[in-house]
2 protein chains.
Amino acid sequence: MDKENKMGVPAHVHAVPPSDRAPLFAVTNVGSHTASHCITLCETCVLRGLCLPAGLNQNEVERLDTIVNRKRSLKRGDYLHRAGGELQSLYAIRTGFLKTCMLHDDGREQVAGFHMMGELVGMDAIGSGKHVSDAIALEDSELCEIPFAEFEQLSHDLPALQQHFHRIMSREITRDHGVMLLLGSMRAEERLAVFLLNLSKRFAARGYSATQFNLRMTREEIGSYLGLKLETVSRAFSHFQNQGVINVQNKSIEIKDLGRLGELINR
Amino acid sequence: MDKENKMGVPAHVHAVPPSDRAPLFAVTNVGSHTASHCITLCETCVLRGLCLPAGLNQNEVERLDTIVNRKRSLKRGDYLHRAGGELQSLYAIRTGFLKTCMLHDDGREQVAGFHMMGELVGMDAIGSGKHVSDAIALEDSELCEIPFAEFEQLSHDLPALQQHFHRIMSREITRDHGVMLLLGSMRAEERLAVFLLNLSKRFAARGYSATQFNLRMTREEIGSYLGLKLETVSRAFSHFQNQGVINVQNKSIEIKDLGRLGELINR
DNA sequence: CGCAACGTTGAAATTCCTCAATTCACGTGG
DNA sequence: CCACGTGAATTGAGGAATTTCAACGTTGCG
């Protein structure tokens, strides 16, 4: 096991390319600060810098730890919540990968987002008190449950937490605006390039390779997220590969030229 | 002047169809509770039920009133804020109509939203402290300025305000998800139908006619918001008119059959 | 081993965009 | 008050991008 790292996310540690079904973690102390049977505290979690505790001091994190329930774990395909269900808790992803889906009255369904470790899920339910989307695990995942009522109470006591929570929600808004821009004004290959670069950036921020990773979602799910049909996604992947910009083999992606992938975005 | 109405929004009062350049207001006590030279307080504002004070008690609204600055007014075309500018304040729209625009590195611009009275603008800037979008008045508008630092302080003192603010941000997220669904999975005419029905609903919620209103934005701006070209928007309007679902004349819209417009959305 | 889900590829069909011409609405200045 | 100019809107024809339909290959799981 790697030595414990208290500095939050080790930005320059690059993981070996994850093999197809192998777990994702570059850092091995997610989940425990002493031994694997221990429940991790936010206090010692590697994701601390990315997650809810970011910017809190020692004492504040300890108080946050008192309300967080770390027991929730999901198998691939499990629902974390369903549209229409009551909001009980927000969830921070400790390990794994989720998607959220909205579904329209007429049955049309669309992936609203893909979520990875350190990210917070469930904020869309605050407005009405009910979830507006389904959240489904794309691989076995572990989650920290944050009971919302207690969280609001606590964030009242801890201004720093409240501010950070506002920032997280606001970032969710700007993220959505980015997707709107993508859906409204980009062509198929541009969309896919944006998607790949976004994944790359998020993996890198968690200490994984920015250029080699495994997709957790199908072509159809990618297409749904990007407003494209699965065949279009597949063709775009093939085209990128023929251009030598990436290597794709099923779910395994290698970005061979990050710069050129970025250039593809500007028409 | 109409008699003062303390019940928030008069949902069943329908306005005369606004003439082309006439002001929008169905309710005449927006802006004053005694005489027109007086500055309105949230306490007496007709929009109270839709805006930030919703759900606050008398005392809480009075405290909110102490930090709100009601002086900001914009002429058509004026910027409320620009992308990159520091977040100073959030703004509640008292009268008028705004659009927010994001612009991509390569110059592509997209309308992110249209905003009308009672709505809050500026939340996208909380994440980074800088505005991510431009906000531009589509007609002469008056705004309530809410200095953000003071607001966060106050919402710390008033849990009800904090909760309501969370709800407002969350609703912004679900609104954006709705737009993503629209952009990702609907065809041109469906998008326009959704757009018209959404406007209709929002006008109705403010006491105006759900079936007759004036657009404040150009075909190009509608298209930008919906991910379509202006010609496509124009053709869709014409098609709806030929079907007898709406009447369009330039900016003036009459929805002749709300039900049928709704049916157009399900393929 | 075989089935089922996933992925790739091709050809035809559709939707939307681009380009272009024309009309309309509105504000300005003669 | 009218003429004019400008920006906005409508409409048509042709073309480009994406979807649809279909066939086939691959992967992984029971």
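Each chain gets a letter, A, B and so on, in the order the sequences are listed, and its residues count up from 1.
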Figure out the [atom1]/[atom2] separation between [X] and [N], and round it to whole Å.
X	N	atom1	atom2	value
A:M217	C:dG7	CE	P	11 Å
A:N250	D:dG25	CG	C1'	11 Å
B:H239	C:dT15	NE2	C1'	14 Å
A:E189	D:dT19	CD	P	12 Å
B:R187	D:dT19	CZ	C1'	10 Å
A:E221	C:dA5	CD	P	14 Å
A:Q249	D:dT27	CD	P	7 Å
A:L192	C:dT8	CG	C1'	15 Å

Over all atoms of both residues, closest heavy-atom pair of [X] and [Y]:
X	Y	value
A:S200	A:A210	OG-O, 2.6 Å
A:Q110	B:S185	OE1-OG, 3.7 Å
B:F97	B:S141	N-OG, 3.1 Å

Quiz prompt | Overall bend - the helix from C:dC1-D:dG30 to C:dG30-D:dC1, comparing terminal axes fitted on five pairs, nearest 10 degrees | solution = 40°

Quiz item: Rounded to the nearest 0.5 Å, how far apart are CD1 of B:I222 and CG of B:L196?
Solution: 7.5 Å

Quiz prompt | Interatomic distance, A:N242 atom CG to A:H239 atom NE2 [nearest 0.5 angstrom] | solution = 7.0 Å

Practice problem: Only counting residues at least two apart or in another chain, list the ones meeting side-chain contact (heavy atoms from CB on, under 4.5 Å) with B:Q241. | Solution: B:N247, B:V248

Practice problem: Write out all pairs satisfying side chain to side chain donor-acceptor pair (under 3.5 Å) with one or both partners inside residues 225-236 of chain B, taking only residues at least two apart or from two chains. | Solution: B:R175-B:Y225

Practice problem: Could you tell me whether A:R206 and A:E119 make a salt bridge, using a distance below 4.0 angstrom between a side-chain N and a carboxylate O? | Solution: yes

Quiz prompt | Side-chain ion pair, B:R76 and B:E139, N-O less than 4.0 Å | solution = no

Quiz prompt | Set of residues satisfying ring-ring contact (aromatic ring centres under 6.0 Å, His included) with respect to B:H81, sequence neighbours excluded | solution = B:H131

Self-check item: Close residues, residues 222-237 of chain B, relative to DNA chain D [heavy-atom separation under 4.0 Å]
Solution: B:L230, B:E231, B:S234, B:R235

Practice problem: Check whether any side-chain heavy atom of A:L199 sits under 4.5 Å from a side-chain heavy atom of A:F114, and report yes or no. | Solution: no

What protein N or O atoms touch nucleotides 4-8 of chain D N or O atoms at under 3.5 angstrom, if any, and at what distances?
none

